[in-house]
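What follows is a short report on a single structure.
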2 protein chains.
Amino acid sequence: MSEVERAAERQRRGPRADVQRNRAALLAAAQRHFLMSGVGASLEAIAKEAGVGPATLYRHFPSREALLAAVLQTRADELVARRTAIARLDDAAEALEQWLRAMEDYFSAFSGLPEPLMAAAREHRPDNPLTLPCDLLITATDEYVQSAQRAGHVRTSVRGYDLFLAAVSVAWLKGTGAADAESLDRLRSLLHTGYRRRTGQTQPAG
Amino acid sequence: MSEVERAAERQRRGPRADVQRNRAALLAAAQRHFLMSGVGASLEAIAKEAGVGPATLYRHFPSREALLAAVLQTRADELVARRTAIARLDDAAEALEQWLRAMEDYFSAFSGLPEPLMAAAREHRPDNPLTLPCDLLITATDEYVQSAQRAGHVRTSVRGYDLFLAAVSVAWLKGTGAADAESLDRLRSLLHTGYRRRTGQTQPAG
DNA sequence: TCCGTATCGGAGGCGGCCTCCGTTTTTGTG
DNA sequence: CACAAAAACGGAGGCCGCCTCCGATACGGA
């Protein structure tokens with residue numbers, strides 16, 4: 001069998017059986033631990049729960065960010081579902097608002113998630129596995145913002161990146177647990193009032 | 001010399017000379033390291049730079065939060081100075097705005113500072129040394145908010161705690177380094193527009 | 001100068017991160 | 001089915017930071 005044929009064979013069959021098993025076990029264990037203890041969960045504990053040694057975890061996921069990105073990938077389906085629901089909306093302002101909430105929920109998946117996300121957004125280096133999902137979200141936000149701006153619902157000074165940052169910040173705040181649901185709602189309302197383009201009429205004061 | 005007299009003597013002279021020396025050295029080293037590496041700086045490195053053993057650091061400051069609170073205490077003077085400057089202002093809205101900026105700068109003193117602050121605000125237990133400064137800031141914010149509300153400049157649905165949380169969030173965002181100065185300004189502007197009570201006239205759109 | 005006492009600081013246990021390298025599992029072949 | 005090459009595994013171990021004993025030390029009063 002030639003080199004080429006062997007490569008094709010491997011592609012068809014996929015990775016070795018134990019590799020698939022271990023990867024799945026690691027992802028499941030990681031999700032559980034991230035949910036329980038936040039993104040700072042002990043990697044050794046995750047490996048132990050998955051029934052593998054530490055080295056196997058690091059071979060599959062060279063860094064905490066890589067593992068985090070892989071776990072988040074499994075959660076992206078939910079975000080896609082919400083995007084299709086949003087796509088059915090007529091109102092661009094409503095679409096933007098729902099998208100911001102969807103992102104906020106996504107960022108709140110695990111406590112402490114905003115930190116590594118912002119690190120990825122700052123470094124902006126492709127070797128950080130979180131950079132790609134981060135960029136996708138920023139781009140999507142910008143599209144919603146521009147669409148709402150064309151419809152005259154959002155002030156033109158606002159950038160998509162600004163609202164992305166705002167959503168991450170609110171998610172961070174939620175993750176700290178120091179804000180009750182009402183405070184969070186008021187904060188979102190503050191932001192909403194801020195980015196919305198003002199219409200002529202006066203809203204009820206207070 | 002009686003027990004009582006000896007106690008009075010100690011109060012007059014203050015703590016032992018080495019205690020004072022070590023405490024000062026620890027605070028100086030801690031400030032340097034917190035500035036360089038954020039609030040997660042290695043406590044052992046701080047102790048080493050201060051020329052003391054780890055045990056001495058822990059005797060003086062039983063927890064990272066205690067050390068942090070002590071270092072912040074030395075920074076509180078700056079905040080007090082800004083409060084007196086603010087007190088000279090006539091406009092309650094301007095006073096609130098400047099106060100929010102003063103808090104944001106205070107929270108930005110060290111990278112990662114918002115985290116333990118919010119932990120203190122959440123737990124709200126007096127054994128956390130950060131609870132007291134946190135509560136003072138919240139109370140002060142509420143006073144500024146109520147004053148601005150009485151003057152009709154701020155929506156009555158807004159709580160001081162909400163704006164405290166907003167200031168911490170912006171400081172957190174600044175600390176991540178993912179937001180440039182312009183984005184931060186736009187975000188502050190969003191929040192400002194949000195909490196400000198609307199007047200009748202329409203502002204320039206965009 | 002000496003003593004009692006408060007304070008000091010190094011040694012060491014623990015847990016998490018990460019890597020080397022001998023061992024095992026898988027896969028494809030004869 | 002047995003075998004061999006290749007791929008993957010996992011435990012041991014080095015490193016570092018956190019935190020705590022406890023013998024050694026420095027301070028302050030007499």
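Letters A, B, ... mirror the listed sequences (proteins, then strands); counts begin at 1.
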Spacing of [X] atom [atom1] relative to [N] atom [atom2], expressed in whole Å:
X: B/Q20; N: C/dC8; atom1: CD; atom2: C1'; value: 16 Å
X: B/D18; N: C/dA6; atom1: CG; atom2: P; value: 13 Å
X: B/R16; N: C/dC8; atom1: CZ; atom2: P; value: 7 Å
X: A/I46; N: C/dC18; atom1: CD1; atom2: C1'; value: 15 Å
X: B/R23; N: C/dG9; atom1: CZ; atom2: P; value: 16 Å
X: B/R21; N: D/dT25; atom1: CZ; atom2: P; value: 16 Å
X: A/F61; N: C/dC18; atom1: CZ; atom2: P; value: 15 Å

Using OP1 and OP2 only, check whether a side-chain N or O of [X] sits under 4.0 Å from [N].
X: B/H60; N: C/dC8; answer: yes
X: B/N22; N: C/dC8; answer: yes
X: A/T56; N: D/dA8; answer: no

**Item:** Heavy-atom protein contacts under 4.0 Å, nucleotides 12-24 of chain D, coded B base, S sugar-phosphate only, - none
**Value:** -----SBBBB---
**Asked** So, is the end of the B/R82 side chain (NZ or CZ) under 6.0 Å from the ring centre of B/W99 and within 45° of the ring's axis?
**Response**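 The answer is no, since B/R82 fails at least one limit relative to B/W99.
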Any salt bridge linking [X] with [Y]? Criterion: basic side-chain nitrogen under 4.0 Å from a carboxylate oxygen.
X: A/R21; Y: A/D18; answer: no
X: B/R159; Y: A/E182; answer: no
X: A/K174; Y: A/D105; answer: yes

**Request:** Just say parallel, tilted or perpendicular for the rings of B/H192 and B/Y195, cut-offs at 30° and 60°.
**Result:**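 Answer is perpendicular, since the angle exceeds 60°.
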**Prompt:** Aromatic ring centroids of A/F164 and A/F107 under 6.0 Å?
**Reply:**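 Under 6.0 Å, so yes.
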